[in-house]
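What follows is a set of notes on a single structure, which appears directly below.
For ligands, and for the atoms within them, numbers begin at 1 and follow the listed sequence.
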Amino acid sequence: MGRHTRPNPIPAAHAQAWDRFFFDGAGSITTIDVVVSDDFPQLQITDAFLSGDQFSVRVLDGGSVVEAFDCSVPTIEGDQIGDDYDAAFADDRWSSGEVFISARGPLTIEITATASPFGGGGAGWRLTEGDDPCRADLDGDGELTLFDFLAFQNLFDAGDLAADFDGDGRLTLFDFLEYQNEFDAGCD
Ligand SMILES: [Ca+2]
Ligand SMILES: [Ca+2]
């Protein structure tokens, strides 16, 4: 069991590249301080090197959990892929997972190794581009309610391009229709 801490926030300009982290056996925790921006809101985690490790991830704002997910279960132990994180992320022999982070600003990523057949290893993480899977939740309370509809209407009436849901740079009836579609589709 061990605890690794990176005290310095990773500059956003570096956030697109995969960065390596090391972990000890199962139960060890790695914490990484980041600054999350609109440019790179998608957190991706992947095991690399020898397959078989598995992770559980939380994103913390102070003491509050703002996102949490379990990485996939690796399908095999002991296959070697080196530090090719892109390949490992796409390959189900290596545990991986991702989440869209809604919160912005300084946050802490906490990665717990939940399985580690070789007693430790190396893995990768990065922040990258991503789309909000629930952008219809305009008031950000995690549910789609009448208040989100009202918030949309307010943005639209104010000429705020946050209401440009079809992304054509203008506010038209089609934004209303797109908003309604996403609202009806729900967030899960
Ligand atoms: Ca809402
Ligand atoms: Ca539009």
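Restricting Asp139 to its N/O/S atoms, the shortest distance to the Ca ion (ligand 1) is reached by OD1. Residue Asp141 approaches the Ca ion (ligand 1) most closely through its N/O/S atom OD1. Distances from the Ca ion (ligand 2) to each N, O or S atom of Asp168 single out OD1 as the nearest. Nearest N/O/S atom of Asp164 relative to the Ca ion (ligand 2): this is OD1. The atom of Glu143 nearest to the Ca ion (ligand 1) is O, with the search restricted to N, O or S atoms.
At least one N/O/S atom of Asp166, from backbone or side chain, sits under 3.0 Å from the Ca ion (ligand 2). Coordination check, Leu171 versus the Ca ion (ligand 2): failed, since every N/O/S atom of the residue sits at 3.0 Å or beyond.
The hydrophobic clustering, which links ILVMFWY residues whose side-chain heavy atoms are closer than 4.5 Å, places Leu161 and Leu173 together.
With the Ca ion (ligand 1) as the vertex, OD1 (Asp137) and OD1 (Asp148) define an angle of 90°, rounded to 10°.
At least one side-chain heavy atom of Ile81 sits less than 4.5 Å from a side-chain heavy atom of Trp94.
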- Carefully, step by step, assess Glu110 and Ile29 under the rule side chain to side chain contact (heavy atoms under 4.5 Å, CB included). CA-CA 7 Å; Glu110 180 194 87; Ile29 297 171; 3.6 Å; yes
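A ring-ring contact (aromatic ring centres under 6.0 Å, His included) with Tyr179 is found for one member of Phe156, Phe165, Phe174 and no other, namely Phe165.
Enclosure of atom CG in Asp131 is not indicated, since only 12 or fewer non-hydrogen atoms of other residues, nucleotides or ligands lie within 6.0 angstrom.
Using bins of under 30°, 30° to 60° and over 60° for the plane-to-plane angle, the ring pair Phe183/Phe149 lands in the tilted bin.
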